[in-house]
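Scroll down for the structure; my scribbles are underneath it.
Protein chains get the first letters and strands the later ones, always in sequence-line order, with residue 1 at the start of each. Any value given below was found using the heavy atoms of this structure, including those in side chains, with hydrogens, waters and symmetry copies removed.
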Amino acid sequence: MPPGQCNHRALTFLTRGPHMSRYDPASIEPRWQEAWDAQAVFRADRAEDRPKYYVLEMFPYPSGRIHMGHVRNYAMGDVVARYKAAQGFSVLHPMGWDAFGMPAENAAMDQGGHPRDWTYGNIDDMRAQMKPLGLSIDWSREFATCDPEYYGQQQAMFLDFLEAGLVYRKNAVVNWDPVDMTVLANEQVIDGKGWRSGVEVERRELTQWFFRISDYAEELLEALDGLHDWPEKVRLMQRNWIGKSRGLQFAFTTSGAPEGFDRLEVYSTRPDTLLGATFAAISPDHPLARHLERHDPAVAEFVAECRRTGTSEEALEKAEKRGLDTGITVLHPFDNSVELPVYIANFILMDYGTGAIFGCPAHDQRDFEFATKYGLPIPPVFVAEGADEAELSEAYVPPKTEKVRYIRGFAGQEVQTGEAAVDAAIEFCEAQGVGHGVTRFRLRDWGLSRQRYWGCPIPVVHCATCGVVPEKKKNLPVALPYDEDGKPIDFSIPGNPLDRHPSWKHCACPKCGGEARRETDTMDTFVDSSWYYARFTAPRATTPTDRAEAEYWMNVDQYIGGVEHAILHLLYSRFFARAMVKTGHLPEKAKEPFSALFTQGMVTHEIYMTRDAKGRPVYHLPEAVGEGRLKDSGEAVTVIPSQKMSKSKKNVVDPVNIIGDFGADTARWFILSDSPPERDVEWTAAGAEAAHKHLSRVWRLADELRGTTGTPGNDDADLALEKAVHRAIEEVTKGVDGFAFNKSIAALYALTNTVMKSDASAPARARAMRVMAQLMAPMVPHLAEEVWSMLGGEGLVARAPWPKADPALLVDDTVTLPIQINGKRRSEIAVARDAAKEEVEKLVLADDAVRRVLDGRAPRKLIVVPGRIVNVVI
RNA sequence: GCGGGCGUGGUGAAACUGGUAAACACAAAGGACUUAAAAUCCUUCGCCGUCAUAGGCUUGCGGGUUCAAGUCCCGCCGCCCGCACCA
């Protein structure tokens, strides 16, 4: 530090003189981390005589920098891990890297270099940033999904899945960038154009690998009911995503359709509205549309336009509803004199149902808009109970459980619920020979092929004579090539490097030994993250898992991560665990791999903005701003309310800086203290400073008591402090158990205030502070060790058993009862905790405020809720 | 567009199962200590109203149920997450 720039904390230290010391995390924290390492405190050991506890936080993508979201996630996991260890569990708390993915390839394209070097370099950087946090992680189990040891085992499992019939190939549509000669992810398609090339994206059909997750739809749905320790919202989202529905599938007879299309299969979950049908619609990807496209330029143009929307469901649904009349009609199954026009419509998904529907505009908002636009009639099928038929200004869509009156019904009662009507309609249609009832799921099979380099190669070979042949397990891993013609692969050339590599894809057929070609597609990175939790139980095993280790450690007792993974990652993992059970890689009990799930909120920060000469926004890092102005120029900044920390808005705080300024314990304490874990937390500089001040106060309290000997006495002050300590034990414990770390921390603040103001003897206060060290240890482990050792605690606090609250010390003999008069609080009385109701009533009626209001009359009602409240109704 | 969630003082929040709304903090204001500042400690602090009391109002908005509603029910508004090739 250059002279003249010493900060005020250092100054404080100097002015305090040689005997005074201070809370100095920079010296405390590394010291205790070394002590934990030296004793291997966090090594997870299979201890058959102890219950195990497996805590897992969603592993990070190695972007190169840790951010506050990581700190929050891992701090929470660490609280749970350390708390469970203190309760006597044998804890597994591992860490690894979700290391395959697009950013590494993008970096190689943008800046040169190789994805492998970029990724491993980032991992080293991020590990170095994480270690100072003092997390209780068993680093000996660390791995990255891009390690050949990991993805080789993934390939072995893929082969087992293939053999078990869990994987198959079919055609699927992708976004193709004709300039960059590459497949684009949905996020790389912006307004229908490639993000780099800026040219319109094409759809291409490729043969791809799929996992048969839809075979498990029913089971994945039903098993949700057993996931009691998952957030209800996540279970609901998964339920809706799986989307089980009961409906009618039947075929319309067509008129004027090309040969081979004399029938049109449709599926509807509302067959009860069949008499309200005024048109039929098919997906632009429907075989009929594809056939027409080849012969009719108008259709070809319309379909081509539909395909420019991009492939995401969101893009399709948000697009304006449009259709093209094909001129073909279908005959109504109940009345051949009624003909419905067949449209090609951009909002019909080929992936759901049969890719064709009948439209009932009166009872479906999309159909209503469509019918209005194209001038189709909108006859209602049912009306609200007691209402008459009237012209509709929007679709009438009451809940299926509500009773309505059918005016164009054909099965069941005149007045019935939608549910009953659907059942009756299916039964009626089946009896008439018009189709049959079908149960369908929205959930589609999981396409895992990616036309990219930086992923796990799919271990199959294409042979001209044998076809698609699985690679032999002894040849695994099928490793990614690093070089190309003796030089690291050049990513600046468009296209898939595996495909254009001069030698990599050429191999011998595992079956006939002849010349063959490797599959050049790699796996979706969701595959990597669908079983890493299992790999952590035996990370160096030469098979995907080790039976005995998996048997002991599975399942994950507490999984922690962001809600953004509520559907895909968690559903894929649930499927994968089942597939691993089926192929013998996991025990039966592990088919629901995550016993408890917690979804934490984001870390947000204010945004500081100025505008440049052209009025465009310019964002500034928090450290460049002070008191509403830029520190260098003094220009005032506009403060935009907090949003998720993001590099583009520059509202990021680097954990490394915070640890440097205040220490890891301060960062951990603050990130846990203010907001409930499931909600967003706003990072503020003032809050971080306040956290640091509080920890300093705790340190000073301990410092003053250093070397205290003797035992606490029996006087009032010592007893009162003891009671406060037990109340704190109770509340901190409840908070941690209930994932409300903010409440645990509030209780620790309260205990600190009590100790500071207490007149108790030094031994009593030292005892209180030792308990405080134990209670703080999950959140601020370094300071806890320091306080513990300053006050004569035995061994490491990380190894001390969790304190127990004495129930006798938690109750007060008298309670204060608020008195309400007509529901408004007007007075209060103190009564014995176990006072009889009659006695309380007597005291209430004798209360001044009550007597004043009653003025001699008797109350209309007197409600006494024992130990809680009294309400006098007049 | 569809599915899901959230909303309480100037700010982050607490409130057990329908029972004292605002615990614990931040910010702010005042004070003590100090030559001074920093640090530390003490006090005040939902809003309106009052010299002070008394009182009235208050949990996004509008209704309802109840002796009693932040909590339960109905209808809206705003923000956030997911939508299958971002991780």
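A/Lys373 contributes a side-chain N or O that, together with a main-chain N or O of A/Lys321, makes up a donor-acceptor pair within less than 3.5 Å.
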Fill in the dot-bracket string of RNA chain B, one character per base: . for unpaired, | for a pair to another strand, ( ) or [ ] for pairs within the strand, taking Watson-Crick or G-U pairs under 3.5 Å. (((((((..(((......[....))).(((((.......))))).(((......)))..(((((..]....))))))))))))....
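A donor and an acceptor atom, one from each side chain of A/Asp180 and A/Ser197, are nowhere located under 3.5 Å apart. Side-chain contact annotation: A/Asn171 with A/Gln208, donor-acceptor N/O pair under 3.5 Å absent. Under 3.5 Å, the side chains of A/Ser245 and A/Tyr352 contain a donor-acceptor pair of N or O atoms.
Within 6.0 Å of atom NZ in A/Lys824, 12 or fewer heavy atoms from other residues, nucleotides or ligands are found, so the atom counts as exposed in its surroundings.
B/G4 and B/U58 have their C1' atoms separated by 30 Å, given to the nearest Å. B/U71 sits 30 Å from B/C2 when the C1' atoms are compared, rounded to a whole Å. As rounded to the nearest Å, B/A37 and B/G49 have P atoms that lie 35 Å from one another. Distance check on atom P: B/U66 versus B/C6 gives 27 Å, rounded to whole Å. When the C1' atom is used for both B/A14 and B/G70, the distance is 11 Å, rounded to whole Å. Comparing B/C47 with B/G12, their P atoms are spaced 16 Å from each other, to the whole Å. The gap from the P atom of B/G19 to that of B/A25 amounts to 25 Å, rounded to the nearest Å. Across B/G82 and B/C72, the matching P atoms stand 27 Å from one another, rounded to whole Å.
Comparing atom distances between the A/Leu236 side chain and each of B/G4, B/A13, B/A21 picks out B/G4 as nearest. The side chain of A/Ala750 lies closest to B/C24, out of B/G1, B/C24, B/C80.
The residue among A/Ser673 and A/Arg366 whose nearest nucleotide of RNA chain B is located toward the 5' end is A/Arg366. Between A/Val873 and A/Asp680, the residue anchored nearer the 5' end of RNA chain B, judged by the nucleotide with its closest heavy atom, is A/Asp680.
In this structure, B/G9 shows a glycosidic angle within 90 degrees of zero, which is the syn conformation.
As a whole-Å value, the separation of A/Glu317 CD from B/G1 P is 10 Å. The interatomic distance linking A/Tyr23 (OH) with B/U40 (P) rounds to 14 Å, in whole Å. Atom pair A/Leu597:CG and B/G4:P shows a separation of 18 Å (rounding to whole Å applied). The distance from atom NZ of A/Lys233 to atom C1' of B/C80 is 10 Å, rounded to the nearest whole Å. Look at CZ on A/Arg826: it is 16 Å from P on B/U53, rounded to the nearest Å. Following rounding to the nearest Å, A/Phe598 (CZ) and B/G5 (C1') show an atom-to-atom distance of 13 Å. In this structure, A/Leu571 places its CG atom 14 Å from C1' of B/G3, rounding to the nearest Å. Atom P of nucleotide B/C41 and atom NZ of A/Lys757 are separated by 10 Å, given to the nearest angstrom.
Close to B/A13, at under 4.0 Å from its OP1 or OP2, lies a side-chain N or O of A/Ser675. Residue A/Arg679 places at least one side-chain N or O under 4.0 Å from the OP1 or OP2 atom of B/G7. The phosphate of B/A23 (OP1 or OP2) has no side-chain N or O of A/Asn742 nearer than 4.0 angstrom. In this model, the phosphate group of B/A15 is approached by a side-chain N or O of A/Lys743 to a distance below 4.0 Å at OP1 or OP2. Between B/C57 and A/Lys824, a contact under 4.0 Å exists linking OP1 or OP2 to a side-chain N or O.
Residue A/Asp351 is out of contact with every strand shown, counting any heavy-atom pair closer than 4.0 Å. Within the nucleic acid shown, A/Met756 comes within 4.0 Å of sugar-phosphate atoms alone, with no base atom in reach, counting heavy atoms only.
Annotation: side-chain hydrogen bond (donor to acceptor under 3.5 Å, both in side chains) contacts of A/Thr182 (sequence neighbours excluded): none. The salt bridge (charged side-chain N to carboxylate O under 4.0 Å, His left out) test applied to A/Asp812 returns A/Lys723, not counting sequence neighbours. For the salt bridge (charged side-chain N to carboxylate O under 4.0 Å, His left out) test, residues two or more places apart in sequence or in another chain that qualify with A/Arg203 are A/Asp285. With sequence neighbours left out, A/Ser758 forms a side-chain hydrogen bond (donor to acceptor under 3.5 Å, both in side chains) with no residue at all. The side-chain hydrogen bond (donor to acceptor under 3.5 Å, both in side chains) check on A/Asn175 picks up A/Asn186, A/Thr311, with sequence neighbours excluded. Taking A/Arg825 as the reference, A/Glu828 meet the salt bridge (charged side-chain N to carboxylate O under 4.0 Å, His left out) condition, with sequence neighbours excluded.
The stretch residues 681-692 of chain A participates, sequence neighbours left out, in no salt bridge (Lys or Arg N to Asp or Glu O under 4.0 Å) pair at all. A salt bridge (Lys or Arg N to Asp or Glu O under 4.0 Å) check over residues 442-454 of chain A, counting only residues at least two apart or in different chains, returns the pairs A/Glu313-A/Arg442, A/Asp351-A/Arg444, A/Arg450-A/Asp524.
Cation-pi check for A/Arg204 over A/Trp176 is met; the charged atom lies under 6.0 angstrom from the ring centroid and within 45 degrees of its normal.
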Short heteroatom pairs, N/O only, protein and nucleotides 68-78 of chain B, under 3.5 Å:
none

I'd like a table of atom pairs between the protein and nucleotides 26-33 of chain B - only N or O on both sides, under 3.5 Å - with the distance next to each one.
none

What does nucleotides 82-87 of chain B look like as a protein-contact string, B for base, S for sugar-phosphate only, - for none, at under 4.0 angstrom between heavy atoms? SBBBSB
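Using a cutoff of 4.0 Å between basic side-chain nitrogens and carboxylate oxygens, A/Arg196 and A/Asp110 are scored as salt-bridged. Residues A/Glu369 and A/Arg366 are not paired through a salt bridge, judged by the lack of any N-O separation under 4.0 Å between the basic side chain and the carboxylate.
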